[in-house]
Amino acid sequence: MMNRKLIVGLAVVLGVTQCHKKDTPSTPLVSPIVSDTTSYPIGYDTVLTPTWNDFVNAVIFVESSGRDSVVGDNGKAVGCLQIHPIMVREVNRKLKKWNAPYTYTLEDRYSRAKSIEMFNIISEEYHCCEGYTFMEYAEIVARRWNGGGRGERKSATLPYWEKIHAHLDASMK
């Protein structure tokens, strides 16, 4: 039986990539899409590529163990994605720039759906990743979510990414 990392590597070589394009939306953006999120048969093994929803669920699990009412970081981080007030302000700044007819409140952090919308809005703004594989893009998003705008450059965010990656690997088995 082939090693799982080798299989995932082969899937990347076979073209499991996503393309990140910037739009100027008037509504929340749709998350990045992998060219095919089904499976790629290789011998007797099958590789499942995580979807954007799998990735978001992994971040939620790492951030809050899936609980919507969690309060952390001395009361500053709230909800399933542990969103700080500054993140709500940043999302609203982007929405204003896009002339969106709505904004988010601090209370919206307790809503799983609204928290995921805010996560998607922040994630869509990363212009770094044209041509990256889904997992490369997911790593950048996760490490920036954890460590700020240059989070992928900070070694302190690697353990965070490793937790998310491990959760994704486990959910794909």
Side-chain angles (χ1 to χ4, degrees), residues 1-13 16-20 29 31-34 37 40 45 47-91 94 104 106 108-173:
M1 193 138 207
M2 296 179 97
N3 177 315
R4 183 149 187 84
K5 287 184 179 182
L6 174 63
I7 294 169
V8 171
L10 289 172
V12 170
V13 170
V16 182
T17 60
Q18 66 91 35
C19 185
H20 179 72
L29 300 169
S31 57
I33 298 173
V34 175
T37 58
Y40 291 86
D45 296 317
V47 176
L48 297 177
T49 303
T51 65
W52 182 255
N53 288 337
D54 295 329
F55 169 64
V56 172
N57 287 330
V59 175
I60 288 171
F61 181 82
V62 169
E63 288 288 351
S64 67
S65 298
R67 296 172 295 163
D68 295 336
S69 60
V70 173
V71 177
D73 201 10
N74 295 318
K76 292 183 259 180
V78 172
C80 66
L81 283 162
Q82 291 294 281
I83 298 175
H84 285 78
I86 193 167
M87 187 64 71
V88 176
R89 286 192 302 273
E90 179 62 12
V91 168
K94 291 175 186 306
Y104 291 95
L106 293 178
D108 289 337
R109 300 176 295 166
Y110 289 102
S111 163
R112 179 176 295 247
K114 290 181 180 182
S115 291
I116 291 170
E117 288 172 8
M118 288 188 269
F119 181 84
N120 288 340
I121 289 167
I122 291 297
S123 299
E124 278 291 329
E125 276 295 288
Y126 301 150
H127 309 295
C128 61
C129 308
E130 183 85 23
Y132 280 36
T133 67
F134 178 83
M135 291 302 284
E136 290 168 335
Y137 178 74
E139 179 178 358
I140 291 168
V141 170
R143 292 179 69 191
R144 285 184 179 182
W145 186 255
N146 180 247
R150 296 181 186 179
E152 79 276 14
R153 299 178 189 167
K154 299 176 182 177
S155 60
T157 63
L158 277 171
Y160 180 80
W161 166 244
E162 289 167 2
K163 288 178 190 176
I164 291 170
H165 193 239
H167 187 76
L168 279 170
D169 281 349
S171 71
M172 292 290 107
K173 291 182 181 179

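Keep in mind that this is a model prediction, so the values were computed, not measured.
- Within the 4.5 Å cutoff, the side chain of M135 has heavy atoms near those of the H165 side chain.
- Relative ring orientation between F55 and W161 is described as tilted, the plane-to-plane angle lying within the 30° to 60° band.
- Listed for the K154 side chain is a donor-acceptor partner under 3.5 Å among the backbone atoms of G147.
- Inter-residue side-chain proximity for L158 and E139 is flagged as met; some heavy-atom pair is nearer than 4.5 Å.
- Between M87 and W145, the shortest heavy-atom contact is CE-CZ3, 3.9 Å.
- Considering every non-hydrogen atom in both T133 and E136, the closest pair reads N-OE1, 2.9 Å.
- Minimum heavy-atom separation, R109 to S115: O-OG, 2.9 Å.
- The minimum heavy-atom distance between I164 and V59, with the atom names listed, is CD1-CG2, 3.7 Å.
- Around NZ of K94, the count of heavy atoms belonging to other residues, nucleotides or ligands within 6.0 Å exceeds 12.
- Between Y137 and W52, the two ring planes are tilted [angle within 30° to 60°].
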Between T51 and D54, does a side chain to side chain donor-acceptor pair (under 3.5 Å) hold up when you go through it step by step? CA-CA 5 Å; T51 65; D54 295 329; 3.2 Å; yes

Between R112 and I60, is the side chain to side chain contact (heavy atoms under 4.5 Å, CB included) condition met? List the steps. CA-CA 9 Å; R112 179 176 295 247; I60 288 171; 3.7 Å; yes

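- Between R143 and T157, the shortest heavy-atom distance links the atoms NE-OG1, 2.7 Å.
- Residues L168 and F61 have side chains not in contact (no heavy-atom distance under 4.5 Å, counting atoms from C-beta outward).
- In terms of heavy-atom proximity, E90 sits nearest to I122 at CG-CD1, 3.8 Å.
- Atom CZ of R89 sits about 8.0 Å away from atom CG of L106, to the nearest 0.5 Å.
- Side chain of N146 to main chain of A142: no donor-acceptor pair is present (N/O by atom type, distance under 3.5 Å, no hydrogens or angles).
- Formation of a donor-acceptor pair under 3.5 Å by the R144 side chain with backbone atoms of G149 is found in this model.
- In this structure, the side chains of I83 and V88 come closer than 4.5 Å at one or more pairs of heavy atoms.
- The shortest side-chain heavy-atom distance between E63 and Y160 falls under the 4.5 Å cut-off.
- Atoms CG and CG, from D68 and L81 in turn, are 9.0 Å apart once rounded to the nearest 0.5 Å.
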